[in-house]
Structures are given as structure tokens and as C-alpha cells.
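Excluded from the calculations below are hydrogen atoms, water molecules and symmetry mates; all remaining heavy atoms, backbone and side chain alike, are included.
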Amino acid sequence: MDDLCWNSKLLGAMKEHACLTEEESIVLNDWAHGWSIAKSAMERHMSESKVDKIRRRLRIKYDGIQKYVEGLPPRKCRNTLP
């Protein structure tokens with residue numbers, strides 16, 4: 001799966017332009033800091049499927065802002081985990 005390559009510019013753009021919900025913001029920060037879906041789910045008292053769905057929404061929102069925010073690359077990192 002093509003995935004997001006986290007850096008401060010990407011994180012800042014998402015926070016500023018993606019109109020995030022509170023849950024999306026929480027999962028975004030966890031994800032950017034390298035937390036797994038399982039860790040976010042456990043720490044945030046959510047199911048793993050909910051965290052996965054939120055990450056999918058975040059990818060869609062990134063794709064939506066990527067073409068309008070200068071300097072944001074398309075998703076490209078490869079997720080090698082199962």
C-alpha cells in the first residue's frame with residue numbers, strides 16, 4: 001500500500017488544511033509518531049478496525065489537500081507490514 005511519509009511539513013499541512021475531527025487528529029499524531037494501529041487502539045480505547053478506518057480517512061484527506069498545498073509529495077512510502 002502506498003502510504004504517508006511523515007515529516008513536519010506533512011503533519012502541519014494535515015492539521016491546517018484537512019478539517020480533522022478530534023479522533024482523526026489524535027490518530028494522526030499517534031501515526032506520525034510511529035504508533036501501530038494496535039498501540040493507538042489500546043491507548044485511545046478504540047477498536048483496531050476503528051483506528052484503521054480513521055487512517056483510511058486520513059489518507060483520503062491527504063490526497064485531497066496534496067494537490068492544493070505546494071510541496072506536498074504524493075503518497076509513496078511502502079508499508080511492508082502485513
Side-chain angles (χ1 to χ4, degrees):
M1 171 188 308
D2 287 334
D3 225 335
L4 300 171
C5 299
W6 293 106
N7 61 38
S8 60
K9 183 171 186 164
L10 189 153
L11 187 58
M14 285 292 288
K15 288 179 178 180
E16 185 174 345
H17 301 290
C19 301
L20 301 174
T21 66
E22 186 176 340
E23 286 181 333
E24 289 169 343
S25 183
I26 289 167
V27 171
L28 175 76
N29 283 314
D30 292 350
W31 192 9
H33 288 95
W35 287 21
S36 67
I37 290 173
K39 181 173 181 176
S40 285
M42 186 173 60
E43 294 290 327
R44 305 304 182 189
H45 306 288
M46 298 178 187
S47 68
E48 289 185 24
S49 65
K50 183 173 186 171
V51 173
D52 184 56
K53 286 176 188 173
I54 292 170
R55 284 186 177 197
R56 289 180 197 188
R57 286 198 317 257
L58 290 169
R59 288 181 187 99
I60 291 167
K61 287 186 176 191
Y62 178 78
D63 291 344
I65 69 166
Q66 180 267 324
K67 48 192 145 189
Y68 300 107
V69 179
E70 188 175 329
L72 289 181
R75 289 191 282 135
K76 63 182 177 186
C77 289
R78 289 293 200 189
N79 184 354
T80 58
L81 298 175

* Structure fact -> Contacts of Ser8 meeting side-chain hydrogen bond (donor to acceptor under 3.5 Å, both in side chains) (sequence neighbours excluded), chain-then-number -> none
* To do: For residues 11-26, pull every pair meeting salt bridge (charged side-chain N to carboxylate O under 4.0 Å, His left out), keeping only residues two or more places apart or in separate chains.
  => Glu23-Lys50, Glu24-Arg57, Glu24-Lys61
* To do: Hey, could you give me each pair passing salt bridge (charged side-chain N to carboxylate O under 4.0 Å, His left out) that has a residue in residues 36-48? Not counting sequence neighbours.
  => Asp30-Arg44
* Shortest non-hydrogen separation from Leu72 to Leu10 and the atoms involved -> CD2-CA, 4.0 Å
* Over all heavy atoms of both residues, which pair between Ser40 and Val51 is shortest? Give the atoms and the distance, please. => CB-CG1, 4.0 Å
* To do: Determine, stepwise, if the pair Val27 / Met46 fulfils side chain to side chain contact (heavy atoms under 4.5 Å, CB included).
  => CA-CA 10 Å; Val27 171; Met46 298 178 187; 4.2 Å; yes
* Would Trp31 and Ile26 show up in the same hydrophobic cluster when neighbours are defined by side-chain heavy atoms closer than 4.5 Å? -> no
* Structure fact -> Sorted by chain and number, sequence neighbours left out, side-chain contact (heavy atoms from CB on, under 4.5 Å) with Asp63 holds for Arg75
* Take Trp6 and Leu28, measure what side chain to side chain contact (heavy atoms under 4.5 Å, CB included) needs, and give me the verdict at the end. => CA-CA 10 Å; Trp6 293 106; Leu28 175 76; 3.0 Å; yes
* Partner set under ring-ring contact (aromatic ring centres under 6.0 Å, His included) for Trp35, not counting sequence neighbours -> none
* So how far is it from Gln66 CD to Leu4 CG, rounded to the nearest 0.5 Å? -> 10.5 Å
* Asked: Taking His17 for the side chain and Ala13 for the main chain, is one N or O donor matched with an acceptor at less than 3.5 Å?
  -> no
* Between Ile54 and Thr21, does a side chain to side chain contact (heavy atoms under 4.5 Å, CB included) hold up when you go through it step by step? -> CA-CA 10 Å; Ile54 292 170; Thr21 66; over 6 Å; no
